[in-house]
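Values below: all heavy atoms of this structure, side chains included; hydrogens, waters and symmetry mates excluded. So that the names make sense, note that chain A is the first sequence line, chain B the second, and so on, each numbered from 1.
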2 protein chains.
Amino acid sequence: MGINERKEREKVELRGLILKGAMEVFLEEGFENTSIRRIAERVEYSPGTIYVYFKDKDEILHELHIVAFQQLMVAMQKTEMHPEPLDQLYAIGDSYITFALANPQLYELMFVLRAPMKAIHPDCEWEEGFRTYHYFRDVAAKAIDKGQLKPIDPEVLCVTLWATVHGLVTLHLRERFQMIPPDQIEPIIRHCLRQLLQQYEAK
Amino acid sequence: MGINERKEREKVELRGLILKGAMEVFLEEGFENTSIRRIAERVEYSPGTIYVYFKDKDEILHELHIVAFQQLMVAMQKTEMHPEPLDQLYAIGDSYITFALANPQLYELMFVLRAPMKAIHPDCEWEEGFRTYHYFRDVAAKAIDKGQLKPIDPEVLCVTLWATVHGLVTLHLRERFQMIPPDQIEPIIRHCLRQLLQQYEAK
DNA sequence: AAATATATTGAACGGTGTTCAAAATGTCAA
DNA sequence: TTGACATTTTGAACACCGTTCAATATATTT
C-alpha cells in the first residue's frame, strides 16, 4: 500500500514548502511583516492550511530558528581548518560576528526574539543553542588544556566572550550605538573581541 | 485671559495622565499587551482621544523610555557618594545591573525595543542615551586620568563594559542562558563585570 | 440665547493570529 | 463506474491591533 507512504511524503513536502516560503517572507519582509496570511499567500494556500501543518506561528518561527542555527554551525565548523584551538577560537568569534552582521534577521531570531523560544516545551532543552554553545566551549576548553589560555573556568570565559559580542551586536542592530560613527562600529566589535580574548592568553 | 492658561494646564495634565496610565499598563501587562485601547480604557477616555495628545504609539513608548532613563540616572547618581572614580565606576556597573534585573520591562524599553527609537527624528540625537552614556564615560575618563585604570581609550573601555553587561542581561532576559542554573545567573553577571573591570586596573 | 470654538467620541478601515463548519478532493469497495 | 467514506483545503468568523475622521458633546464668546 504505497499510497499512505506517498501521502506522508506529500505532507512532509508541503510542510517544507511552507517553511521555505516562511523563510523567504521573513528574510525579504522582516519579522514584523511575517504574517501567517503573507506566508499562505506566498505558498498559494489558504491561511487555514498553515494550521494543519503547524500548531501556531511560534512553531514556524522555531523551525526557522533551527535552520538559522544550522547555518551558523556550518560557518563555525569551517574554523576547523585551524590546527591550534586558540586560533580556532579567534576564528569562531570572527565567524559569529560575520554571521550576525550579514544575517541580522536570523541573528535576532536566534538570540533576541521571544517567539521561537515559546515553541520549546518548558521541560525540553534548547537543543540548537546548547549544541552551538558546547561546540564553542569545547574549543575554549581545549585551548585552556593546551596552555594557550590562562587556566580559568571555560564556562565563565565562554559566557563572557559570548555576552560581549552579543551585547555589541545587539546594541548595534537595535540602533543604540548612535554615539559611534556607523562605519566604525564593525571594526570596534572585532577589536573588542580580539582584545578581550588576548587578555586571557597565557603569556 | 486665564481661561487659555487653564486649558493649557488641563492639556498638560491629561497628557500626563495618559502617560501615567500607559506606564501602569506597560509595567502590569507588559509591552506586548500595551495597546492604545487598553491605555484609553485605563484612563477612561476613548482611543481617539489618545491621538489628540500623542502622534502615535511610538511617541508614547518614547516618553516612557525617557522616564525609564531618568530612573536609571537617579540610581547611577547615587554612586557619587564614592570619592574615588574607580570605586564609582564599580558602583555604576552594579546599579546598572540592579536596575536591569529589577526593571526588565523598562530595561528593554531603553535598550532593546525598536518602538521608542522610531519616535526620535532621524536628524535628532538620542538625548537620553547620550546623557547616560556620557555620565558613565566621564567617570571612566576620570579613573584613567587619576591613574586608577590603565591609560586606554575611555570610549573603547566604556563600549566594552556596557556591551558586556548588556549582553549578559539581555541573553538572560530573553531566556538564552538555559545552560546556566537560574540562581547562578545574577552572580555570574556581577562576577563578569568585576573581573572585566579589574583587568583594566593599573597595577 | 445663539453662534462659535474646542474637545471627545466611536464607528470604520485594513491589518493580525487562530478556529472550524463546510466544501473540495482523494481513496476504495461494491 | 458509482456510491460511501476519509482526507485535505478552504475562507468566513472571532477577537484583537493601530489609526483616522466625521459627528457629537462640551465650553466659550458674542
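Atom CD of B:E44 and atom P of C:dT8 are 14 Å apart (whole Å). We find that CD of A:E41 is positioned 14 Å from C1' of C:dT16, with the value rounded to whole Å. In this structure, the CG atom of B:N4 is 14 Å from the C1' atom of C:dA7, given to the nearest Å. In this structure, CG of B:L61 is placed 12 Å from C1' of D:dG18, rounded to the nearest angstrom. Spacing between atom CG of A:D56 and atom C1' of C:dT16 amounts to 14 Å, rounded to whole angstrom units. Taking atom CD1 of B:I50 as the reference point, atom P of C:dG10 lies 13 Å away to the nearest angstrom. When the P atom of C:dT6 is taken as reference, atom CD of B:E8 falls 12 Å away, rounded to whole Å. For the pair A:E10 CD and C:dT25 P, the computed distance is 15 Å after rounding to whole Å.
Judged by atom type and distance alone, B:R37 reaches the base of D:dG18 through a side-chain donor-acceptor pair under 3.5 Å.
Of the two residues near DNA chain D, B:Y51 and A:K11, the one whose nearest nucleotide lies more 5' is A:K11. Each of A:N33 and A:T49 was matched to the nucleotide of DNA chain C holding its nearest heavy atom; the match closer to the 5' end belongs to A:N33. With DNA chain C read from its 5' end, the first of the two nearest nucleotides for A:R38 and A:K55 is the one closest to A:R38.
Ring orientation note: the planes of A:F111 and A:Y96 are tilted relative to one another, at an angle of 30° to 60°.
The side chain of A:Y45 has D:dT9 as its nearest neighbour among D:dG18, D:dT9, C:dG10. Comparing D:dT9, C:dT9, C:dT18 by their closest approach to the side chain of A:I36 singles out C:dT18. Nearest nucleotide to the side chain of A:K7, out of C:dG17, C:dA7, D:dT8: D:dT8.
Phosphate proximity of D:dG11 to A:S46: absent, as no side-chain N or O sits under 4.0 Å from OP1 or OP2.
Partners of A:K146 by salt bridge (Lys or Arg N to Asp or Glu O under 4.0 Å), not counting sequence neighbours, listed by chain and number: A:E84. With sequence neighbours left out, A:K20 forms a salt bridge (Lys or Arg N to Asp or Glu O under 4.0 Å) with A:E24.
Ring centroids of B:Y133 and B:W126 are separated by 6.0 Å or more, keeping the two rings apart.
No engagement by A:F54 is indicated, since no non-hydrogen atom pair under 4.0 Å with the nucleic acid exists. Using a 4.0 Å heavy-atom criterion, one finds that A:L14 contacts the sugar-phosphate atoms exclusively.
Salt bridge annotation for A:R174-B:E108: absent, with no cationic side-chain nitrogen under 4.0 angstrom from a carboxylate oxygen.
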